[in-house]
Amino acid sequence: MVRARVLIVEDEGIVAKDLHNSLRSLGYTVVGTSPTGSDAVTKAQALRPDLILMDIRLRGDMDGIAAAGIIREGLDVPIVFLTAYADADTLERAAKIGPYGYVLKPFDERELHVTLMMAMCKHRAFAELDRRVHERTDELARTEAKYRRLESIAELGLFALGSPDTDAVMQRAVRLVAESLDVELAKVLELQPDGASLVVRAGVGWSDGVVGRSVVSAGRDSQAGYTIAASEPVVVSNFRTETRFGLSPLLSEHGAATGMSVLIHAPGHEGRLYGVLGAHAKTLRHFTGQDVNFLQAVANVVATAIMRSVAESKIRQTERIVEEERVRAGVAEEAVRARDEFLSVASHELRTPVAALQLQLAALRELLAPHVASLEPIIAQTAGGATRTIARLASLVEGVLDVSRISLGRLELQTETFDLAETVREVVARHGDAAGRAGCELRTEAAQAVRGTWDRARIEQVISNLLSNALKFGAGRQVDIILQRVDGEARLSFRDRGEGFDPADAQRILRRFERAVSPRNYGGLGLGLYLTGEIVREHGGRVDVAARPGDGATFTVVLPCECEKER
Amino acid sequence: MAGCVLIVEDDEDLRDNLALLLDLRGYNVETARHGQDALDKIDDIGPRCLVVLDLMMPVMDGWQFRAALRADPALAAVPVVLLSGIADVSQAAKTLDAVDHLTKPIDLQKLYRIVADHC
């Protein structure tokens with residue numbers, strides 16, 4: 001064991017000599033002896049003893065307690081007081097210094113040894129305790145710093161969530177980097193679409209005009225470019241000795257000595273890589289792994305804000321497209337509505353001249369009637385033909401008017417309860433002339449009464465339409481009209497033996513302006529079947545179509561009736 | 001004595017031919033171009049046994065003319081039959097307390113029946 005080195009402070013020469021001898025015999029090394037307090041302060045600094053044995057009463061301005069106080073300020077050394085007077089006042093002053101023990105004069109050698117040993121042990125224990133406290137304090141400080149950084153990243157994240165402005169998020173991010181890492185320069189660089197350069201988007205510590213304008217090369221010759229190429233964080237401990245890349249003019253102008261850079265990855269942003277986040281100090285310093293992690297965490301928050309901004313602008317774009325589509329659809333709807341309104345007004349306007357023409361012909365026929373015997377037959381025939389033409393014209397005008405009513409939702413039924421069989425027979429009878437002209441034999445099976453609540457005029461229109469249709473497409477052949485009650489429904493069928501059509505077209509022909517045959521062979525607006533379908537639908541019924549090419553067609557009107565009640 | 005009919009209609013062709021057809025059946029027919037014209041004619045020639053009334057007309061339309069008739073005790077009881085191309089002419093007939101209504105084109109048999117009933 002190394003011998004403990006002791007400094008003796010004692011103004012009485014004999015006592016000092018005595019102590020010296022005792023300590024040596026006890027195995028200590030006496031590094032010096034001081035007769036005064038001030039000499040003790042000087043020697044303690046110079047000799048760095050392991051222990052000081054200090055007399056309280058000393059000659060000169062400075063007594064032992066004062067000297068001990070000064071020594072302890074600069075040196076962690078155990079001090080044992082040596083005194084003949086242990087009055088309360090002195091002890092109290094001595095206690096404030098934090099002594100490691102007292103030895104009373106005249107001293108006993110064994111007591112001295114025990115006291116010194118205890119002092120040394122206590123000091124070692126204190127030193128160990130002290131070291132541990134320091135260790136824990138440092139650890140706590142490191143944890144606190146780490147926590148503060150995490151907290152500041154969380155705050156930045158919250159800010160980014162609440163702010164739609166990416167520039168504001170970036171500006172806050174670079175300010176956070178500068179404060180937390182204690183660096184003078186921080187910046188966000190945005191990679192340009194050509195991939196050749198980066199522009200400073202946000203920054204702290206740069207001269208006016210740099211942010212938003214200054215450009216840095218994206219090649220491997222710059223730190224930012226190298227970071228992109230390496231695709232990982234880059235730390236520069238000293239630009240003077242850096243060999244991987246050069247100091248960019250921008251960093252050079254601002255006196256950067258050292259720094260770090262990390263990538264800002266923003267999936268969703270064009271090309272995924274947004275740019276580089278950099279932190280630079282003007283004096284040399286060491287960046288830790290934690291510093292790099294912190295910088296990367298900030299870059300990730302910035303990336304999130306960018307991704308959000310990209311997503312939001314995409315959403316806004318989509319919303320704009322949807323809105324435009326909506327407006328376009330509205331315009332189209334409005335156009336359709338305008339057309340239907342026009343048809344409605346136009347057909348109302350047509351009604352009056354058609355009526356006038358009808359009256360003119362009626363008057364003409366009446367005026368001709370007394371002279372019919374003396375007239376050329378062709379004149380009477382022509383007048384009769386003109387009357388039918390007027391009827392057809394009137395029916396076309398009504399058809400167009402009905403279509404516009406349906407599309408404007410104005411088809412209103414005026415219902416009453418009546419016998420459909422009777423109505424069928426009446427309407428068929430009215431078509432007797434037309435059937436004769438078409439060369440068709442009409443065969444009606446409607447003997448049994450079928451009562452129901454319907455719009456009589458509309459149902460007559462339906463019968464008339466389907467009958468005209470059958471005469472038109474089944475000309476020269478028999479047409480069957482059959483009324484039945486089946487499963488609580490009225491079923492009225494019109495069977496022609498014309499050329500028929502493809503069953504695939506069956507539902508299509510019930511639509512507006514549609515026809516199963518070529519308009520070159522058959523005229524008409526293609527409205528009759530559409531109107532028929534709509535009127536029947538309005539009654540809560542349906543029109544079934546059965547057809548085969550070359551074998552005619554059967555249209556069956558199915559209407560709800562009061563058949564159940566009658567049974 | 002044959003009944004007398006007043007036709008109030010702005011379309012000249014329709015008005016004249018209707019007048020001709022009724023005239024051919026022996027009725028005494030007067031015509032007017034619109035409501036105001038009709039009121040003037042009634043002042044001159046006295047009340048008619050039946051008024052055939054169009055609704056959409058310039059100067060004074062059918063609704064205004066009907067209101068003027070009903071406001072005059074001497075004319076309120078004159079029967080009116082509507083003749084119109086508007087969609088809900090049957091509804092208008094109820095509102096205007098018309099004896100009947102005709103649509104355009106005209107069901108002539110129905111017209112003759114109505115005129116015969118009132119004149």
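Bear in mind that the values here come from a model prediction, so they are computed numbers and not experimental data.
Chain B forms the most heavy-atom pairs under 4.5 Å with one residue out of A:A391, A:A355, A:A394, and that residue is A:A355. Options B:E9, B:R25, B:E12 differ in how many heavy-atom pairs under 4.5 Å they form with chain A, and the most are formed by B:R25. Between chain A and the options B:I106, B:L18, B:L83, B:D11, the largest number of non-hydrogen pairs under 4.5 Å is found for B:I106.
A:S464 and A:H431 share a side-chain donor-acceptor pair at under 3.5 Å. A:Q461 and A:N465 form no side-chain donor-acceptor contact under 3.5 Å, judged by distance and modelled atom types alone.
With a threshold of 4.5 angstrom between heavy atoms, B:L20 approaches chain A through side-chain atoms but not through N, CA, C or O. Only the side chain of B:L24 has a heavy atom closer than 4.5 Å to any heavy atom of chain A.
Proximity to chain B among residues 360-367 of chain A is limited to A:Q360, A:A362, A:A363, A:E366, A:L367, judged by heavy-atom separations below 4.5 angstrom.
Counted within 6.0 Å of CE on B:M56, heavy atoms from surrounding residues, nucleotides or ligands total 12 or fewer; the atom is thus considered open. By the 6.0 Å contact criterion, CD on A:E333 is open, its count of non-hydrogen atoms from other residues, nucleotides or ligands being 12 or less.
For B:D10 (side chain) and B:H34 (main-chain N/O), no donor-acceptor pair under 3.5 Å exists by modelled atom type.
Taking the charged nitrogens against the carboxylate oxygens, B:D61 and B:R66 have no contact shorter than 4.0 Å, which rules out a salt bridge. Taking the charged nitrogens against the carboxylate oxygens, A:E441 and A:R443 have no contact shorter than 4.0 Å, which rules out a salt bridge.
In this structure, the side chain to side chain contact (heavy atoms under 4.5 Å, CB included) partners of A:T453, at least two apart in sequence or on a different chain, are A:T415, A:T417, A:E562.
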